[in-house]
Amino acid sequence: MDFKLNSPVGCIYFSVLIFRITDREINITPPPEVLEVNRTYSLECTGPRVYPNNKLILTWLRGGEVVQSNSTEEKGSPDEDERLRNVFSFTASISDDGQEYTCLAEVDLGSNTTEPIANSSVTLQTHYKPGGTTISVNNRTVSEFPIFVSKGDEVTITCNSSGKPTPTVKWEDPSNGSNIEIGPPGVLRISQATSEHQGIYKCRATNQYGIDEKEVDIRVKDEPGGTTISVNNKTVSEFPVYVSKGDEVTITCNSSGIPTPTVKWEDPSNGSNIDIGPPGVLRISQATSEHQGIYKCRATNQYGIDEKEVDIRVKGHIWALLVTAGVVGLTLILLTGLVLYWNCIHAPRKRGHYQLHKTKPNNSPQIPSENDIRGTFP
């Protein structure tokens, strides 16, 4: 088709050939059916047959945005099938999934004016590894660590992840505890939270392009309990606990609870040479009688209090001497008894006739007379 522009200037007429279109077809070399995110691909567009070639402009549009235009300065030949090509290279992204790319053919009419003559489009499909994984606990998205839940609560932990194809979501349960149910994909339920359910719960989202992981630290709130006291590294099991005068004494208190309890000592003596060091540790550098008394450990968090106490007694030198004397005396008594017993059982026995001399008469009816017992001896 020929286009002419006739313009009178005085008595002279000009006839100008603008362009000729012999084929409006646009050919697009299609990309792979599925594109992988972060890989580079090319879109190739071959324009219609136009003469002169330098009047044709091929433009790639991403949606409605121009991403690349191409033209040539060669007029070409009216009898040759010379086509303009535009090759657009790009790196596939998640946003390219479902995105339409259009090749637009226009002719240049001059004076910055163009006329569209043909277009062709292709819609991309991208696949990508899991990402943007999030975890929510009882419908609240996790944004900080750790997450506290109350003892006995029902807890629902949900994991969501994007990816194409849709990722498979699995949980890693650190406790393998009872009362845990893994329901729909990405949902884990604890019917009744206890301390055994504490730990790092990890969600793993997987497809053939990769893995994305997210984790949450679950802590079960509990009041202090199981408080114990040890004296010089020996756990206290009875009262009182004796230490020697002048000894260095270390009293340690430990307690469980979530959050970790604050441990404090009540010192009954307010004595000197006492140092309260790390939490739960009380040191007496040199024990004296002023350090005797009931030492109380109090473990506290926002959910309760637990207390434990120990009765400290300081043994002095006099007390030690008395104990030593008592032990020595008891030992002598036992030895004396053993000697007497030995002599008794091993003493020699004499056999023969025995004669009783007359004694003063005994008027007691309970004691036999001399004549009554004379015949009883050999």
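Nothing fancy with the numbering, it's 1 onward along the sequence.
A donor-acceptor distance shorter than 3.5 angstrom exists from the side chain of Gln68 to the backbone of Val87, with no hydrogens or angles considered. Side-chain N or O atoms of Ser256 include one that pairs as donor or acceptor with a backbone N or O of Gly225 at under 3.5 Å. Side-chain N or O atoms of Tyr51 include none that pairs as donor or acceptor with a backbone N or O of Glu82 at under 3.5 Å. The backbone N or O of Ser93 lies less than 3.5 Å from no partner atom in the side chain of Ser95, so there is not a single donor-acceptor pair. Between the side chain of Ser162 and the backbone N or O of Gly131 there is at least one donor-acceptor pair closer than 3.5 Å. A donor-acceptor distance shorter than 3.5 angstrom exists from the side chain of Asn301 to the backbone of Asp222, with no hydrogens or angles considered. Distance alone, capped at 3.5 Å, places no donor-acceptor pair between the Asp108 side chain and the Asn54 backbone.
Val263 and Val236 fall into different hydrophobic clusters, defined by Ile, Leu, Val, Met, Phe, Trp and Tyr side-chain heavy atoms under 4.5 Å apart, directly or through other members. The hydrophobic cluster containing Ile180 does not contain Val187, counting ILVMFWY residues as joined when their side-chain heavy atoms lie under 4.5 angstrom apart, directly or transitively. In this structure, Leu43 is not a member of the same hydrophobic cluster as Val34, with clusters built from ILVMFWY side-chain heavy atoms closer than 4.5 Å. Under a hydrophobic-cluster definition in which Ile, Leu, Val, Met, Phe, Trp and Tyr are linked whenever side-chain heavy atoms come within less than 4.5 Å, directly or via other members, Val314 and Ile294 are assigned to different clusters. Ile258 and Ile190 fall into different hydrophobic clusters, where Ile, Leu, Val, Met, Phe, Trp and Tyr side chains are chained together by heavy-atom contacts under 4.5 Å.
The shortest non-hydrogen separation linking Pro48 to Leu56 is O-CD2, 3.7 Å. In terms of heavy-atom proximity, Ala92 sits nearest to Thr126 at CB-CG2, 4.4 Å. Contact between Tyr201 and Ile218 at its shortest, heavy atoms only, is CD1-CG1, 3.7 Å. Across all non-hydrogen atoms, the minimal contact from Tyr41 to Glu36 is OH-N, 3.0 Å. What you find for Ser161 and Pro130 is that their closest heavy atoms are OG-CB, 3.6 Å. For Pro224 against Gly304, the heavy-atom pair with the smallest separation is CD-O, 3.3 Å.
The disulfide (SG to SG under 2.5 Å) contacts involving residues 199-244 comprise Cys159-Cys203, where partners must be two or more places apart or lie in separate chains. Applying the salt bridge (Lys or Arg N to Asp or Glu O under 4.0 Å) test to pairs two or more places apart or on separate chains, none has a residue in residues 113-125. Listed by first then second residue, pairs satisfying ring pair (Phe, Tyr, Trp, His ring centres under 6.0 Å) with a partner in residues 247-269 number zero, not counting sequence neighbours.
Here Thr206 contributes atom OG1 and Lys129 contributes atom NZ; the two are 11.5 Å apart, rounded to the nearest 0.5 Å. To the nearest 0.5 Å, the span separating OG on Ser285 from CG on Asp275 amounts to 8.5 Å. The CG atom of Asn27 sits 8.0 Å away from the OG atom of Ser120 when rounded to the nearest 0.5 Å. Rounded to the nearest 0.5 angstrom, Arg39 CZ and Phe90 CZ are separated by 11.5 Å. Note that the NZ atom of Lys75 and the NZ atom of Lys55 stand 8.0 Å from one another [nearest 0.5 Å]. Expressed to the nearest 0.5 Å, how far CG of Leu35 lies from OG1 of Thr91 amounts to 11.0 Å.
The closest side-chain heavy-atom distance from Pro165 to Gln208 is below 4.5 Å. A 4.5 Å side-chain heavy-atom check between Val231 and Val249 finds at least one atom pair inside the cut-off. Under the 4.5 Å side-chain criterion, counting only non-hydrogen atoms from C-beta, Asp97 is not in contact with Val37. Residues Arg62 and Asp96 have side chains in contact (heavy-atom distance under 4.5 Å, counting atoms from C-beta outward). With a 4.5 Å cut-off on side-chain heavy atoms, Phe88 and Leu58 do not count as touching. In this structure the side chain of Thr59 reaches within 4.5 angstrom of the side chain of Glu106, judged on heavy atoms. Between Ile274 and His291 the shortest side-chain heavy-atom distance falls below 4.5 Å. Residues Cys45 and Ile26 have side chains in contact (heavy-atom distance under 4.5 Å, counting atoms from C-beta outward).
Ion pair Glu154/Arg189 not flagged as a salt bridge, since none of the NZ, NE, NH1 or NH2 atoms sits closer than 4.0 Å to an Asp/Glu carboxylate oxygen. In summary, Arg83 and Asp81 engage in a salt bridge, as defined by a charged side-chain N under 4.0 Å from a carboxylate O. We find that Asp311 and Arg313 are joined by a salt bridge, their nearest charged nitrogen and carboxylate oxygen being less than 4.0 Å apart.
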Practice item. Give the intermediate values and the outcome of side chain to side chain contact (heavy atoms under 4.5 Å, CB included) for residues Lys164 and Gln125. Key: CA-CA 10 Å; Lys164 193 173 181 182; Gln125 181 182 4; 3.8 Å; yes
Practice item. Give the intermediate values and the outcome of side chain to side chain contact (heavy atoms under 4.5 Å, CB included) for residues Asn119 and Leu61. Key: CA-CA 10 Å; Asn119 67 77; Leu61 298 97; over 6 Å; no
Check your understanding: What do the steps show when you test Ile117 against Arg24 for side chain to side chain contact (heavy atoms under 4.5 Å, CB included), and what is the final call?
Key -> CA-CA 7 Å; Ile117 59 173; Arg24 292 177 177 268; 3.5 Å; yes
Point to revise | Check against side chain to side chain contact (heavy atoms under 4.5 Å, CB included), Leu104 and Val66 | key: CA-CA 10 Å; Leu104 174 65; Val66 174; over 6 Å; no
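Listed by chain and number, the residues in a ring-ring contact (aromatic ring centres under 6.0 Å, His included) with Tyr209 are His127 (sequence neighbours excluded). Partners of Lys202 by side-chain contact (heavy atoms from CB on, under 4.5 Å), not counting sequence neighbours, listed by chain and number: Glu172, Arg204, Glu213, Glu215.
Residues Asn53 and Thr72 have side chains that never bring a donor and an acceptor to within less than 3.5 angstrom of each other. No side-chain donor-acceptor contact under 3.5 Å links Asp306 and Ser255.
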Under 3.5 Å, which donor-acceptor pairs link side chains of residues 134-142 to any protein atom two or more places apart or in another chain?
unit_1 : atom_1 : unit_2 : atom_2 : d
Asn138 : OD1    : Thr156 : N      : 2.8

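For Lys221, the NZ atom counts as densely surrounded, since its 6.0 Å shell holds more than 12 non-hydrogen atoms of other residues, nucleotides or ligands.
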